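What follows is a set of notes on a single structure, which appears directly below.
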Amino acid sequence: MCAHEQGKFWEYHDKIFENQRQLKNPDLKRFAEELSLDTESFNTCLDSGKFKEDVQRDYREGSAAGVNSTPAFFVNGRVLTGAQPFEAFAAIIDEELEMAK
């Protein structure tokens, strides 16, 4: 969210997913620098915990909905967990469309 404030949510998102074993604060700050964010603003945002409650709320809501790993997708309330091929999505969508008739 600190990167989002600077218009680089997806760039930062991609960076942390590419580096999932390096998610300590110094790593997060280095990623911001590598993406040419305003590091002073980013670091202040991160250090302050400005979005901590938002992230915790999202985590709680995901857990309550049955999400226990990423990626997780919902198709008409049905959860599809993990990296899935197109066919897995198509099968669920087809089943849901059939039930809706």
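As the structure is a computational prediction, the values presented were derived from the model and not from experiment.
F74 has its side chain out of reach of L80: every pair of non-hydrogen atoms, C-beta onward, lies at least 4.5 Å apart. In this structure the side chain of M1 never reaches within 4.5 angstrom of the side chain of K50, judged on heavy atoms. A 4.5 Å side-chain heavy-atom check between E5 and C45 finds at least one atom pair inside the cut-off. No side-chain heavy atom of F73 sits under 4.5 Å from any side-chain heavy atom of V79. In this structure, the side chains of K8 and L37 come closer than 4.5 Å at one or more pairs of heavy atoms.
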Assess whether side chain to side chain contact (heavy atoms under 4.5 Å, CB included) is satisfied between F17 and T70, documenting all intermediate values.
CA-CA 10 Å; F17 270 88; T70 60; 4.2 Å; yes
Residue pair K15, E18: steps toward the side chain to side chain contact (heavy atoms under 4.5 Å, CB included) verdict:
CA-CA 5 Å; K15 189 72 152 173; E18 291 169 4; 4.2 Å; yes
Show your reasoning for whether side chain to side chain contact (heavy atoms under 4.5 Å, CB included) applies to F51 and L46.
CA-CA 8 Å; F51 294 106; L46 184 64; over 6 Å; no
Verdict with supporting geometry, I92 and N76, side chain to side chain contact (heavy atoms under 4.5 Å, CB included):
CA-CA 9 Å; I92 290 178; N76 206 24; over 6 Å; no
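Taking 4.0 Å as the cut-off between side-chain N and carboxylate O, E33 and K29 do not count as a salt-bridged pair. Salt bridge D27/R30: present, at least one basic N to carboxylate O contact under 4.0 Å.
Under a hydrophobic clustering in which Ile, Leu, Val, Met, Phe, Trp and Tyr are joined whenever their side-chain heavy atoms come within less than 4.5 Å, directly or via other members, V75 and L97 fall into the same cluster.
Ring geometry, F42 versus Y12: the interplanar angle falls from 30° to 60°, so the pair is classed tilted.
Under the 3.5 Å distance criterion, the side-chain polar atoms of Q6 are matched with a main-chain donor or acceptor of D38.
Remark: E53 CD is packed, more than 12 non-hydrogen atoms of other residues, nucleotides or ligands lying under 6.0 Å away.
Contact record, A72 with V67: CB-CG1, 3.8 Å, taken as the closest heavy-atom pair. Closest of all the heavy-atom pairs between T81 and S69 is CG2-OG, 2.9 Å. Scanning all heavy atoms of the two residues, the minimum distance from F9 to H4 falls at CB-ND1, 3.7 Å.
Between I16 atom CD1 and N19 atom CG the span is 9.5 Å, to the nearest 0.5 Å. Between the NE2 atom in H13 and the CH2 atom in W10 there is a gap of 5.0 Å [rounded to 0.5 Å].
Applying side-chain hydrogen bond (donor to acceptor under 3.5 Å, both in side chains) to D54 and the options K52, R57, Q56 leaves one that passes, R57.
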